[in-house]
Amino acid sequence: MAGNMNITLKVWRQKNAHTKGKLVSYDAKDVSPDMSFLEMIDEVNEVLIKKGDEPIAFDHDCREGICGMCSMVIDGRPHGPKEGITTCQLHMRSFKDGDTITIEPWRAKGFPVVKDLVVDRSAFDRIIQAGGYISVNTGVTIDANAIAISKQDSDKAFDAATCIGCGACVAACKNASAMLFLSAKVSQLSLLPQGHPERMSRVENMLQQMEDEGFGNCSNTGACSVECPKEIGQEHIARLNREFIAAKASSENV
Amino acid sequence: MNWFTSAVSSSVGKKIMMALTGLFLCSFLVVHLIGNLQLLNLDLGISFNTYAQFMSHNPVIQTISKGNFAIILAHALIALFLTRQNAKARPIGYQVKKGSANSTWSSRNMGLLGTILLVFIAVHLYHFWWAVHYGGSIPTREYLTDNGDIVAYTDLYQAVWFAFSNPFIVAFYVLSMIAMGYHLYHGFASAFQSLGLNHIKYNFFIKVLGFLFYFVIPALYAYIPLKIYFLTCCSSSSCSH
Ligand code: HEM
Ligand code: SF4
Ligand code: FES
């Protein structure tokens with residue numbers, strides 16, 4: 001079709017966690033500008049499968065920007081050149097005919113490569129398990145409006161709660177730090193009254209878990225917020241720091 | 001004490017130590033600058049040498065000065081530790097890097113800028129601090145005080161003016177101050193963020209104060225050697241080269 005593009009892909013191919021990988025070039029022919037980035041890879045995979053080659057492994061699920069699965073670093077940027085979106089929301093109209101696009105997996109000690117572009121993000125699950133929850137006793141259902149919360153706090157908690165756990169913040173950070181993710185989870189629960197009983201242990205344990213998973217230390221470059229598809233801001237990291245200082249100064253966990 | 005060591009050695013704890021030591025060094029910059037500006041008084045050095053004499057002999061200042069060395073050392077050591085730990089968090093890097101799309105150059109090069117500052121501090125101390133305390137190579141100059149006494153002060157003023165007639169030394173100082181400007185362009189605001197101080201009410205003040213620290217103060221520091229250089233070397237009357 002007129003307006004379609006020919007693109008060269010350089011994709012990180014790696015058999016499994018134990019082998020060394022390398023960039024391999026592929027031609028993506030006759031790419032429609034209306035395709036999503038993942039559809040473009042689907043088409044390349046069709047060709048590979050027909051030739052009997054191993055298709056490019058990549059994570060994806062919802063394909064509408066809510067699950068956070070579609071992790072890939074495109075030309076050096078998590079989720080590609082546009083801000084505030086995931087890879088599945090990126091369209092080929094953001095590229096030009098003849099472009100060469102390099103696609104790499106998230107790079108972090110805490111996110112080991114499983115295969116090609118697929119990384120193991122279970123470190124995030126373990127960080128959540130360390131405190132990213134509230135404990136609620138079973139029994140009668142409490143009226144949702146019984147606990148008062150200010151509109152301001154509920155808005156801020158909601159902003160934090162939009163984090164989809166994609167890991168782009170880690171991928172973007174020069175220190176592979178998971179502070180933005182952590183701060184979104186800690187902020188959300190520390191702003192809500194329901195999160196207050198476990199507030200201090202939560203921040204202490206979750207930060208400890210982040211360190212144990214091998215993520216780096218935040219140095220406030222702000223790269224995470226720029227690359228975050230949900231535009232979680234730096235003020236959440238400042239809140240995390242305040243929560244941590246307050247917890248260390250006053251919790252009973254000695 | 002377990003809670004204390006774990007707090008300090010945690011990633012947030014180390015950042016807080018960076019921030020507190022960094023901000024202490026910023027406060028030192030102000031005091032040091034006020035003293036240095038006396039160098040531009042064309043008074044045969046009486047104001048600057050009096051200041052230098054006071055600074056190098058007052059016991060309180062001498063104690064603060066030792067603390068200052070310790071803090072520079074602590075800042076540099078924690079920085080080294082953080083930088084190495086952070087490098088380990090990404091054992092395999094990206095083939096295509098695009099940091100410029102999401103962060104400032106300063107924020108990505110604090111280790112490099114800090115290393116330049118460390119070299120600068122070492123050379124600077126060797127030049128002036130070492131010469132005053134242990135070198136014995138700087139002659140004294142006598143001044144008549146208000147009550148008629150004659151006092152003899154180490155003529156650091158003359159020594160500095162002499163050093164800054166050398167274009168290489170001047171260039172080294174100016175470049176180092178540019179590095180300091182970039183270090184503080186990220187570092188000053190970053191310190192407040194590390195301490196959790198990010199709030200619509202204070203962010204404006206942090207910004208304004210930040211400009212003072214990353215631009216005005218380094219510029220004034222750099223102005224001193226430049227001014228002296230042009231006064232000694234390029235005024236037609238006293239060109240000795
Ligand atoms: C002795 C040489 C120095 C070295 C090696 C050094 C190194 C560093 C590094 C690597 C950082 C970033 C820390 C991080 O990424 O988390 C930093 C931050 C900082 N530095 Fe320095 N620096 C030095 C001297 C100075 C001086 C002389 C000043 C002030 C006059 C200063 C003020 C700051 C401030 C305010 C920060 C921000 C702290 C934060 O982000 O929380 N540094 N330094
Ligand atoms: S903070 Fe943003 S970038 Fe990080 S995991 Fe959450 S949604 Fe993804
Ligand atoms: S596939 Fe779900 S966010 Fe992209």
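Side chains included, hydrogens not; waters and symmetry mates left out as well; all remaining heavy atoms used. Proteins get letters first, then strands, A, B, ... in listed order; numbering begins at 1 in each.
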| With only heavy atoms counted, which part of B:Lys14 is less than 4.5 Å from chain A, the side chain, the backbone, both or neither? | side chain
| remark: One should read off an interatomic distance between A:Lys22 NZ and B:Gln95 CD, to the nearest 0.5 angstrom, of 12.0 Å
| query | So which part of A:Phe215 gets closer than 4.5 Å to some heavy atom of chain B, the side chain, the backbone, both or neither? | reply | backbone
| task | Answer yes if the side chains of A:Asn217 and B:Gln85 hold a donor-acceptor pair under 3.5 Å, and no otherwise. | result | yes
| said: We want to know whether A:Asn220 and B:Ser107 form a side-chain donor-acceptor pair, criterion being a heavy-atom distance below 3.5 angstrom. | reply: no
| To the nearest 0.5 Å, what is the distance between CG (B:Leu82) and SG (A:Cys218)? | 10.5 Å
| Interatomic spacing from CZ in A:Arg242 to CG in B:Leu197 - rounded to 0.5 Å | 7.5 Å
| field | Crowding at OH, B:Tyr51 (>12 non-hydrogen neighbours, <6.0 Å) | value | yes
| message | Set out, in order, the CA-CA distance, both residues' side-chain angles and the distance that settles side-chain contact (heavy atoms from CB on, under 4.5 Å) for B:Trp3 and A:Asn253, then state yes or no. | response | CA-CA 7 Å; B:Trp3 68 270; A:Asn253 307 323; over 6 Å; no
| What are the two closest heavy atoms between B:Asn102 and A:Ala172, and how far apart are they? | ND2-CB, 4.2 Å
| task | Answer whether the closest heavy-atom distance between the side chains of B:Ser6 and A:Glu204 falls below 4.5 Å. | result | no
| request: Could you tell me whether B:Phe120 atom CZ has more than 12 heavy atoms of other residues or ligands within 6.0 Å of it? | output: yes
| query | Given a strict heavy-atom distance threshold of 4.5 Å, which part of A:Gln234 is in contact with chain B: side chain, backbone, both, or neither? | reply | both
| query | Based on non-hydrogen pairs under 4.5 Å, which of A:Gln208, A:Glu227, A:Arg239, A:Lys10 is most in contact with chain B? | reply | A:Glu227
| said: Distance alone, cut at 3.5 Å: any donor-acceptor contact between the side chains of B:Asn198 and A:Glu235? | reply: no
| said: Contact between B:Lys98 and A:Asp75 at the side-chain level, heavy atoms closer than 4.5 Å - yes or no? | reply: no
| Out of A:Pro81, A:Ala238, A:Ala249, A:Ser251, which one racks up the most heavy-atom pairs below 4.5 Å with chain B? | A:Ala238
| Trace of the side-chain contact (heavy atoms from CB on, under 4.5 Å) decision for A:Ile245 with B:Ile16 | CA-CA 9 Å; A:Ile245 296 167; B:Ile16 289 169; 3.4 Å; yes
| Beyond-backbone contact of A:Leu207 with B:Ser11, side-chain heavy atoms, under 4.5 angstrom | yes
| field | A:Leu23 versus chain B, the contacting section by heavy-atom distance below 4.5 Å | value | side chain
| said: Tell me whether B:Tyr94 contacts the main-chain N or O of A:Arg107 through its side chain, where contact means a donor paired with an acceptor under 3.5 Å. | reply: yes
| Can you say whether A:Pro105 sits under 4.5 Å from chain B via the side chain, the backbone, both, or neither, judging by heavy atoms? | backbone
| task | Check whether any side-chain heavy atom of A:Lys248 sits under 4.5 Å from a side-chain heavy atom of B:Val12, and report yes or no. | result | no
| query | For the residue pair B:Ala89 and A:Gly216, what are the closest heavy atoms and their distance? | reply | CB-N, 3.4 Å
| message | To the nearest 0.5 Å, what is the distance between SG on A:Cys173 and CG on B:Asn86? | response | 7.0 Å
| task | Identify which part of A:Ala247 has an atom lying under 4.5 Å from any heavy atom of chain B, answering side chain, backbone, both or neither. | result | neither
| query | Should we count OH of B:Tyr126 as having more than 12 external heavy atoms under 6.0 Å? | reply | no
| message | Quick one, A:Ser219 and B:Met110 - any side-chain contact, counting heavy atoms below 4.5 Å? | response | no
| message | Using the rule given for side-chain contact (heavy atoms from CB on, under 4.5 Å), can you reason through B:Ser103 versus A:Lys174, listing the C-alpha separation, both sets of side-chain angles and the distance that settles it, and then say yes or no? | response | CA-CA 10 Å; B:Ser103 51; A:Lys174 84 176 189 31; over 6 Å; no
| field | Student check: side-chain heavy atoms of A:Lys109 and B:Arg90 closer than 4.5 Å | value | no
| task | For A:Tyr26, look at atom OH and say whether over 12 heavy atoms of other residues, nucleotides or ligands are found less than 6.0 Å away. | result | yes
| query | Within a radius of less than 6.0 Å around CE of A:Met200, do more than 12 heavy atoms belonging to other residues, nucleotides or ligands occur? | reply | yes
